[in-house]
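Atom set for the values below is all heavy atoms of this structure, side chains included, hydrogens, waters and symmetry mates excluded. Within every chain, numbering begins at 1; the chains are lettered A, B, ... in the order of the sequence lines, protein sequences first and strands thereafter.
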Amino acid sequence: MQLATWNVNSLNVRLPHVLDWIGKQKPDVLCIQETKLTDDKFPKEAIESTGYHCEFFGEKAYNGVAILSRTTPDQVQKGFLDAQDTDSKRMLAVQLGPLKVINVYIPNGQEVGCSKYIYKLDWIEKLRRYISEQHQTNELVIVCGDFNIATEDRDVYDPEALAGQILLSDEERAALESLRQWGFVDTFRLHHADAGLYSWWDYRMMAFRRKMGMRIDHIWASEPLASICTHAWIDIEPRKLEKPSDHAPVIAEFSLEV
DNA sequence: ATGGTGGATGGTCCA
């Protein structure tokens, strides 16, 4: 079972890249963030014609998540259990046989200390509570997506200059760490120890060309899944294309059939 | 310290 996550920054603009990529990579599951599309505008037919099932949960202009899968989910969860209609569309989960996949677009937070930052911290706590209430650590659970947090300094191009700032501040790292402590393993770090491996580069200041990135997109697996995770990597090729997303896909492979 | 770019939108907001 191969699972990928990719913040596409507008599925409308990036649909050709996504269709090309799934055609080549053939993941069993692709979790997408920032579709920026209401559900009536989702390109369902284009995706289904490639042989993937799709679930989607979006809104106008901002946010929006989707999950493409080879098999049809047994269960779909759109937002947290207490979700209001007005909540931003940032969470979509599916049950695929024995596997639960939780796709998240964690709020960016904008700037440490501002109201959006508080919202980010609260949102992470909501996610932690949802998972700890809905699941046991011996189940096959993946939480993945754009976490908007670089968990360690080796995930950041200039950790000294950026210390304490948004995406790597202590408080947001601590919030995410409390989720990890429920029982998740960062699959990428099972297979790579090096610094300088990133999943996102700002569009500005030629950040990609200058290798100024961060690893903020993650695939976290519960212990029983982590123990059968055979590979994990970041495919930076789509970031080199014309009109790319600012994020690259992250992929993990497991010795598991779904 | 500021502003750089890109997407959605229709003046700015968000990242």
In whole angstroms, the gap separating P of dT2(B) from CG of D202(A) amounts to 17 Å
Whole-Å distance separating the NZ atom of K60(A) from the P atom of dG7(B): 19 Å
Need to verify one output field. Residue with the more 5' nearest nucleotide on DNA chain B, G109(A) or A61(A)? A61(A)
List for me each residue that meets ring-ring contact (aromatic ring centres under 6.0 Å, His included) alongside W182(A), sequence neighbours excluded, and say none if there are none. F184(A)
Separation of atom CZ in R204(A) from atom P in dG7(B), rounded to whole Å: 13 Å
Rounded distance in Å between the C1' positions of dA1(B) and dT12(B): 23 Å
Can a side chain N or O of R90(A) be found less than 4.0 Å away from OP1 or OP2 on dA15(B)? yes
Give the rounded distance in Å between these two atoms: CH2 of W200(A) and P of dG6(B). 14 Å
Using a strict 4.0 Å threshold on nitrogen-to-oxygen distance, state whether D82(A) and R129(A) make a salt bridge. no
Please measure how far the C1' atom in dC14(B) lies from the corresponding atom in dG10(B), and state the result in whole Å. 16 Å
Round to the nearest Å and state the distance from Y62(A) atom OH to dC13(B) atom C1'. 4 Å
Whichever of N63(A) and K243(A) has its nearest DNA chain B nucleotide further upstream toward 5': K243(A)
Nearest-angstrom distance from the residue atom CE of M212(A) to P of dG4(B): 15 Å
Looking only at the side chains, is there a donor atom on one of E139(A) and S222(A) sitting less than 3.5 Å from an acceptor on the other? no
Answer with base, sugar-phosphate or nothing: what part of the nucleic acid does Y105(A) contact at a heavy-atom distance below 4.0 Å? sugar-phosphate
Could you pull out all residues at least two apart from K120(A) that satisfy side-chain hydrogen bond (donor to acceptor under 3.5 Å, both in side chains)? E172(A)
Spacing of E59(A) atom CD relative to dA8(B) atom C1', expressed in whole Å: 12 Å
Starting from C1' on dC13(B), measure out to NZ on K116(A) and report it in whole angstrom. 7 Å
Whether H218(A) and W220(A) hold their rings parallel, tilted or perpendicular, with breakpoints at 30° and 60°: tilted
